[in-house]
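Worth knowing before you read on, the calculation uses all heavy atoms, side chains too, and leaves out hydrogens, waters and symmetry mates. Lettering of chains follows the sequences in order, A, B, ..., and the numbering in each one begins at 1.
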Amino acid sequence: MIKNEAMKIVSQQEIAESIYELTLSGSLVSEMNQPGQFVHIKTGNGYEPLLRRPISISAIDKENNTFTMVYRAEGKGTSLLSQKKNDAAIDVLGPLGNGFSPEAAMSGETALLVGGGIGVPPLYELSKRLTKLGVNVIHVLGFQNAATVFYEEKFQALGETYITTVDGSRGTKGFVTDVIDKLSDSYTTIFACGPTPMLRALESAYKETKEVFLSLEERMGCGIGACFACVCHTADDPTGFHYKKVCSDGPVFRAGEVVL
Amino acid sequence: MNMLDIQLPGLDLKNPIMPASGCFGFGKEFGNLYDLNVLGAIMVKATTPEPRFGNPTPRVAETSSGMLNAIGLQNPGLKHVMADELPWLNQFDVPIIANIAGSQVEDYVTVAREISKVSNVKALELNISCPNVKEGGITFGTDPLVAKNVTEAVRAVSEVPVYVKLSPNVTNIVEMAQAVEAGGADGLTMINTLMGMRLDMKTGIPILANKTGGLSGPAIKPVAIRMIYEVSQAVTIPIIGMGGIMTAEDVIEFFYAGASAVAVGTANFTDPFVCPKIIEELPVLLKKLGYNHISECTGRSWNKHEQFANHRA
């Protein structure tokens, strides 16, 4: 169920250049059940910024009633959020959307998790769930440069991890697809979150041979499916009026379900 | 004592607070969050004769204390709205105001004739002010004669009172209001969004795929207040006011300007619980200001103060 709560900051730190890890506590955590869901956050107190900011959940800790987000402080809203200190209250609406189903991969199988930039965080909770289910995980994580790389060790602790950077300052130079092309074909399922061109490349290359699940990003208004800001065409009706809402039908879709 | 009940043509409102069209879908999403029975009414999303996908994305862009949208009247079409959306809303004891749109007069007439037969539709809101569609919409709402004609045509076939939603994108709002009043409008709703644009810092091009969009949110409240202030003195039909309402204080200001009820739009995105919150806060605020009933606030900005002497004693 979607709830609105003033949640308390347990910790906030900059873990890479302009990348912040924020942990909040509150009863809303009990509603979080799926990796890949997001929360909608009011980053300021007044009318500016007016809209909430959708941020994906990167880790859920039900025992301690906390959850963690990793986000990039880029615009006005996320910059405001990054300045908040411990014990401050944050207005959170969530959990929202339909995330990844770890059950799409079976125990003993191998899953490939592909993240691009700020699309990497939701894969962390997913990877933890998958490994708990006995699924082998391979991570391919793409970043701009060495300064913006985060969570490399955390992912390594869960499975094989490859890093790519656009400028080659860390890991393989290039894009995630440069690494994936050279991987052995041992995996059955792909879970991905990142920029649309990356998702498009994965969809066209692996839609026929693998189970592929993609988490989309789109500018949102309400976050709950009422405003129709974040719609996309369905693949079976690419120019018609059939649609899916990224916020409430997604953000995770099976490859081939919607037009990217 | 009920301090909030209001009677308007076709509408028996337990309170004068309703979500604005386009900001509340057909209610289902918000129905998951709270009991919709608390609302005075619901203005549902614009309905056109045929389904519409709307504009390409991005469809929204944030602005200073506001937002631009260019959804493009996405809706499932008249048939689906009548068969699915409106019957679902029937479980609530809340009058529905059906927003109707189209690209030609016949479209408005078709939708009005059918949708006004649905039992929970107690009034129509004639959308002649959507700035985000190429044909129709705002072209009907910026020429007084065209606006009067479409109002007459819809009034002739509608089985419920017709409220006309006015566009602020005109030079003379009073002239528009008087034209639709002459066309037989039972009430006015105002204001729709103001046309605007935002450009991307890196690329220099418009953020919205539609290039322009409708500005809403607290940024436009002073424009709405001014226009309601002018129009309410020039017409005899009631006004449902809207444009940037975020709080109970804002509601009172709209009443002072001349509104008899209000709709809350963009605020639903910032706080999905904003309507029930305002409804709860209003009686407290009214008492604090010395009123017995919210209707005493209507038109206070231009009415003679003597008329309000009694309750101030």
Counterpart residues, ring-ring contact (aromatic ring centres under 6.0 Å, His included), relative to A:Phe143 (two or more places apart): A:Phe150
Structural part of A:His233 lying under 4.5 Å from a heavy atom of chain B: both
Per-residue contact mode, A:Leu93 against chain B (heavy atom under 4.5 angstrom): side chain
4.5 Å side-chain heavy-atom contact, A:Arg219 and B:Ile207: yes
Beyond-backbone contact of A:Leu50 with B:Pro218, side-chain heavy atoms, under 4.5 angstrom: yes
Residues, nucleotides or ligands: over 12 heavy atoms within 6.0 Å of B:Glu280 CD: no
Which atom of A:Phe241 lies closest to which atom of B:Arg52, heavy atoms considered: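 The answer is CB-C, 4.2 Å.
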Those residues of residues 82-90 of chain B, ordered by number, that approach chain A below 4.5 Å (heavy atom to heavy atom):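 Result: none.
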Side-chain ion pair, A:Arg52 and B:Glu62, N-O less than 4.0 Å: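 Judged by the 4.0 Å cut-off on N to carboxylate O distance, A:Arg52 and B:Glu62 do not form a salt bridge.
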Contacts with chain B made by residues 65-88 of chain A (heavy-atom distance under 4.5 Å), listed by residue number: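 Checking residues 65-88 of chain A against chain B gives A:Glu74.
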Positions in residues 14-39 of chain A that reach chain B, provided some heavy atom is under 4.5 Å away: none
A:Ser248 and B:Glu29 side chains, donor-acceptor separation under 3.5 Å: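 Side chains of B:Glu29 and A:Ser248: no pair found under 3.5 Å.
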